[in-house]
Number of protein chains: 2
Amino acid sequence: MINQGDPFEGLYIVHCGMLKQSYQRRYDELITHFFLPGDVIGLDAIGYRCYAGTVATVETSGLRLIPFRCIEDLSSPEARLKELICCLSEAMHDEHTRLWQILNQPSDVKVAGFFITMSYKFRNQGCSPHSFRLPMSRQEIANYLCMASETACRIIKRFQKQGLLSARGHEYCILDPEGLTSIAEQ
Amino acid sequence: MINQGDPFEGLYIVHCGMLKQSYQRRYDELITHFFLPGDVIGLDAIGYRCYAGTVATVETSGLRLIPFRCIEDLSSPEARLKELICCLSEAMHDEHTRLWQILNQPSDVKVAGFFITMSYKFRNQGCSPHSFRLPMSRQEIANYLCMASETACRIIKRFQKQGLLSARGHEYCILDPEGLTSIAEQ
DNA sequence: CGCATGATTGATCGACCTCAAGGTCTGTGG
DNA sequence: CCACAGACCTTGAGGTCGATCAATCATGCG
């Protein structure tokens, strides 16, 4: 049906049957959606112009394609709406990616991914991606990553011992970006 | 700043500082977002017209409100775009709810929630919410809920022993909706 | 019937949570 | 400047849920 990464052509409305969307990574795949009649396929594909996952039928199904020239063809008065729609779609996609990461990764992967993401966000702001201040507490970080604060603490300490990271209070230095990335992408 | 459930008034753009969004349920709260400069707050509030979580500052921050009369005031030519935006926002909200449910709930809660959700979806289609056919395999259900298929299997079996559910092949009957719901909302 | 795929059931193990006990830091008031 | 309180951080010792591994059953299909 649709393969992950295919260029975005439009939304699909499900009329009958059932489909699934799955997200492939390395060796495993994760089913992210079951689509039943009335559901819309492809909302998370608008912003990045390609489908976020592979869609396949679970049983014989009927679909209707809604081609998507309309978004691209919007003229200036609607430009802000177009912008908003893309923003929404991208945000949906990004947050799904984050949540899938959290869902079934071990804790050290989640923590490493957190610091890589933060580093990336600071770089985008024009700040140093290697040395930054995170105002939130360890407890808040742990909560955000769905783990006990003790676990987050232990892992940060281990990263320090391994020379990947340095943390003093709320000041963090990423000493080995490649090392952290390799853990995060495990 | 913003409380979960407050009526939607507009999006906020973060100029400086850092904020967090958290989702409250029963006794615990879960941090769902950290907002850094450039991020947009409230995308998940457009569709349902109220904010999906409580937003608070982590450190002193600067925001700009983008009032949202524009969506409500759209005239007919843009009506479809308005519809699409609301659809996107609602989908984002719904999927977040699902993922947060999965994130830190024990397996039996996830399975119970899955059947409740499916029952609800079938009701919306005009089918029986008590007796329905799910074409996907146990493995696919387990994958969707981020657990081993053996675990899903054991829990479904336990639900059958408890008289909550009956499952023969792909045919399922929900015998005790209240019982299942109370487990799912635990 | 033979084979393949999926469903079940049991036994074992490990990652992470929980609980508990210091340790550190910051702000406040004397 | 010091004492104190409170919140947060750190570290250690069990306990547990769910994953993994393995084996057995059930089902469908050429």
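Remember, it's a predicted structure, so these values are computed and weren't measured experimentally. By convention in this document, chain letters (A, B, ...) are assigned in the order of the sequence lines, proteins followed by strands, and residues within each chain are numbered from 1.
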May I have the distance from A:Gln105 (atom CD) to C:dC16 (atom C1'), rounded to whole angstrom? 15 Å

Tell me which residues in residues 159-175 of chain B put a heavy atom below 4.0 Å from DNA chain D, sorted by number, or none. none

Sequence neighbours left out, what passes ring-ring contact (aromatic ring centres under 6.0 Å, His included) with A:Phe115? Give chain and number order. A:Tyr172

Applying ring-ring contact (aromatic ring centres under 6.0 Å, His included), name anything that partners A:Tyr12, two or more places apart in sequence or on another chain. none

Check side-chain hydrogen bond (donor to acceptor under 3.5 Å, both in side chains) between [X] and all other residues, then give those that pass, not counting sequence neighbours.
X: A:Asn143; result: none
X: A:His93; result: none
X: B:Gln160; result: none
X: B:Asp39; result: A:Lys121

Which residues, if any, of residues 146-156 of chain A bring a heavy atom under 4.0 Å of DNA chain C? A:Cys146, A:Met147, A:Ala148, A:Glu150, A:Thr151, A:Arg154

Once base and sugar-phosphate atoms are separated, protein heavy atoms under 4.0 Å mark nucleotides 24-30 of chain D, 5' to 3', with B, S and - as -------

Quick check on the helix from C:dC1-D:dG30 to C:dG30-D:dC1: what's the angle between its two end axes, five base pairs per end, to the nearest 10°? 30°

Listed pairs under 3.5 Å, donor-acceptor, residues 144-152 of chain B side chains, sequence neighbours left out:
from: B:Tyr144; atom 1: OH; to: B:Arg98; atom 2: NE; distance (Å): 3.2

Report yes if at least one side-chain N or O of A:Lys157 is closer than 4.0 Å to OP1 or OP2 of D:dT11; otherwise report no. yes

Which donor-acceptor pairs under 3.5 Å do the side chains of residues 123-132 of chain B make with protein atoms, sequence neighbours left out?
from: B:Ser128; atom 1: OG; to: B:His130; atom 2: N; distance (Å): 3.1
from: B:Ser128; atom 1: OG; to: B:Ser131; atom 2: N; distance (Å): 3.2

